[in-house]
2 protein chains.
Amino acid sequence: MQLGKGVEWTAHICAMLPLVPPGRGLSVDALADYFEVPSAYLAKQMQLLRRAGIVQSVRGKGGGYRLARPIDEISLLDLVTAIEGPTPAFRCTEIRQNGPCGLKRKDCRRPCEIASAFAEAERAYRAALASRSLASIAQEVAVNASPEHLLDIAGWVQRQVG
Amino acid sequence: MQLGKGVEWTAHICAMLPLVPPGRGLSVDALADYFEVPSAYLAKQMQLLRRAGIVQSVRGKGGGYRLARPIDEISLLDLVTAIEGPTPAFRCTEIRQNGPCGLKRKDCRRPCEIASAFAEAERAYRAALASRSLASIAQEVAVNASPEHLLDIAGWVQRQVG
DNA sequence: GCGTCCCTACTCGGATACACGATGTCCGAGTTGGGCGGG
DNA sequence: CCCGCCCAACTCGGACATCGTGTATCCGAGTAGGGACGC
């Protein structure tokens, strides 16, 4: 049970994207250089974000990616759902209906107790992720970082959008 | 991000194991037949449970598996940890230290905000699983099942331990 | 008849294949911006 | 000098390989139980 690397990558990226000026974008290559991750694979993850409506893409010279909506309207759950898909981690295959003592379908009106317990736990997980917006994370980062580092980042973005 | 099938299988199995008389066990083949799952692969999962101290194994004729401790001292979290391992789902690779604007190690005394947020969510997930003992689940199943079904199961166990 | 030894059947246990999804890569589609030529 | 067209560079977008983990399987190790043999 592992989350894909794309979750970490895109979380860091979305926390930085608000720094790009309106109307401009950051290319996949630039983002990949910034975090030292393979650009072609990062592109794949950015596609997922675009389809989920989290970022917008602009083609052609000077194009790239930018956030599709205000950062405080993007939660960590949105990211995870976009990258990993909406499928729950626990897959109930209804094995209680199998074998010599299997329940008949008509006796399965109540959901499987085990599946329910896992669903409840996942609800708690998703609720925790949904309650954390990327804005709150970006703010924490900004508060804890040194002023020089923030200037460093702003300068890099400036050079990219040239 | 998917949990292995072993989690579902062993959860159902552990909920049934208390029915076996003290001193006896159920063989992997019997359990595999009961739930219609591949016995050789189920054996692998039972090994993990044994190493985690959840079940005991007895070799030789009439042997098999039985619970190693009272069922109310086994939580769903114990099962998940035994099968999936203790590794968190979110893997922080510290990419904030990468690239042209990467933080230096000495500036990383505070943990990564993103990793912290995911760790918090996983704590909620694990807490929910830890609070559900297999005893409570087995009881719910028993309460909701029909008397015939319970007798059916008891008879099957009786035939297995012969 | 009784005790002991051996043998066999049964079960676990770890080493060994296979498959599918995550990871990583490549080339074509589409768009913008600027350069170049003509007016 | 100004306008418009064309070209080329740049970027996204989806199709194509590769690798690792989950899934599945097999055969050897170990044990208990019973039967046979001897006393």
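As the structure is a prediction and not an experimental result, all values here were calculated from the model. Chain letters run A, B, ... following the sequence lines, proteins first and then strands; every chain starts at 1.
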Take atom [atom1] of [X] and atom [atom2] of [N], then tell me their distance rounded to the nearest Å.
X: Gln47(A); N: dA29(C); atom1: CD; atom2: C1'; value: 12 Å
X: Gln45(A); N: dG24(C); atom1: CD; atom2: C1'; value: 10 Å
X: Leu42(A); N: dC26(C); atom1: CG; atom2: C1'; value: 16 Å
X: Ile83(A); N: dG21(C); atom1: CD1; atom2: P; value: 18 Å
X: Lys5(A); N: dT23(C); atom1: NZ; atom2: C1'; value: 7 Å
X: Tyr41(B); N: dG14(C); atom1: OH; atom2: C1'; value: 15 Å

Sub-3.5 Å pairs of nitrogen or oxygen atoms, protein against nucleotides 15-19 of chain C:
none

For [X] against [Y], the heavy-atom pair lying closest together:
X: Cys14(B); Y: Leu134(B); answer: CB-CD1, 3.5 Å
X: Arg91(B); Y: Leu3(A); answer: NH2-O, 2.8 Å
X: Ala52(B); Y: Ala82(B); answer: CB-CB, 3.5 Å
X: Leu150(B); Y: Ala145(B); answer: CD2-CB, 4.1 Å

Between [X] and [N], is there a side-chain N or O to OP1/OP2 distance below 4.0 Å?
X: Arg50(B); N: dT11(C); value: no
X: Arg59(A); N: dA29(C); value: no
X: Ser27(B); N: dC10(C); value: no

Checklist line | Partners passing ring-ring contact (aromatic ring centres under 6.0 Å, His included) against Tyr65(B) (at least two apart in sequence or in another chain) | finding: none
Notebook entry, point to check: Where does the angle between the aromatic ring planes of Phe90(A) and Phe118(A) fall among parallel (under 30°), tilted (30 to 60°) and perpendicular (over 60°)?
Noted result: parallel
Check: Starting at the 5' end of DNA chain C and moving along, which residue's nearest nucleotide shows up first, Ser39(A) or Val58(A)?
Finding: Ser39(A)
Next item on the list: Let me know, please, whether Ala43(A) or Gly60(A) comes out on the 5' side of the other along DNA chain D by nearest nucleotide.
Entry: Gly60(A)
Margin query: Reading DNA chain D from 5' onward, which residue's closest nucleotide shows up sooner: Lys61(B) or Trp9(B)?
Written below: Trp9(B)
Cut-off 3.5 Å, no hydrogens considered: what does the side-chain donor-acceptor table look like for residues 27-38 of chain B, sequence neighbours left out?
residue	atom	partner	partner atom	Å
Ser27(B)	OG	Ala30(B)	N	3.1
Asp29(B)	OD1	Ser39(B)	OG	3.4
Glu36(B)	OE2	Gly99(A)	N	2.8

Check: Reckon Gly64(A) touches a base, only the sugar-phosphate, or nothing at all at heavy-atom distances under 4.0 Å?
Finding: sugar-phosphate
Note to self: What contact category does Arg24(A) fall into here, base, sugar-phosphate, or nothing, at under 4.0 angstrom with non-hydrogen atoms?
What the structure shows: nothing
Notebook entry, point to check: Is Gln139(B) atom CD crowded by more than 12 heavy atoms from other residues, nucleotides or ligands, each under 6.0 Å away?
Noted result: no
Note to self: Counting only heavy atoms not in Arg110(B) (residues, nucleotides, ligands), do more than 12 fall under 6.0 Å from its CZ?
What the structure shows: no
Next item on the list: Walk along DNA chain D from 5' to 3' and tell me the first and last nucleotide with an atom closer than 4.0 Å to a non-hydrogen atom of chain A.
Entry: dC10(D) to dT23(D)
Note to self: Going by side chain to side chain donor-acceptor pair (under 3.5 Å), name the pairs with one or both residues in residues 149-162 of chain B, residues two or more places apart or in two chains.
What the structure shows: none
Next item on the list: Could you run through nucleotides 3-8 of chain C and give me one letter per nucleotide, 5' to 3': B if any protein heavy atom sits under 4.0 Å from the base, S if only the sugar-phosphate is that close, - if neither?
Entry: ------
Margin query: Does this structure show an ion pair linking Glu8(A) with Lys5(A), if we count only N-O contacts that are shorter than 4.0 Å?
Written below: no
Next item on the list: Carefully, step by step, assess Asp78(B) and Ser75(B) under the rule side-chain hydrogen bond (donor to acceptor under 3.5 Å, both in side chains).
Entry: CA-CA 5 Å; Asp78(B) 294 330; Ser75(B) 70; 3.2 Å; yes
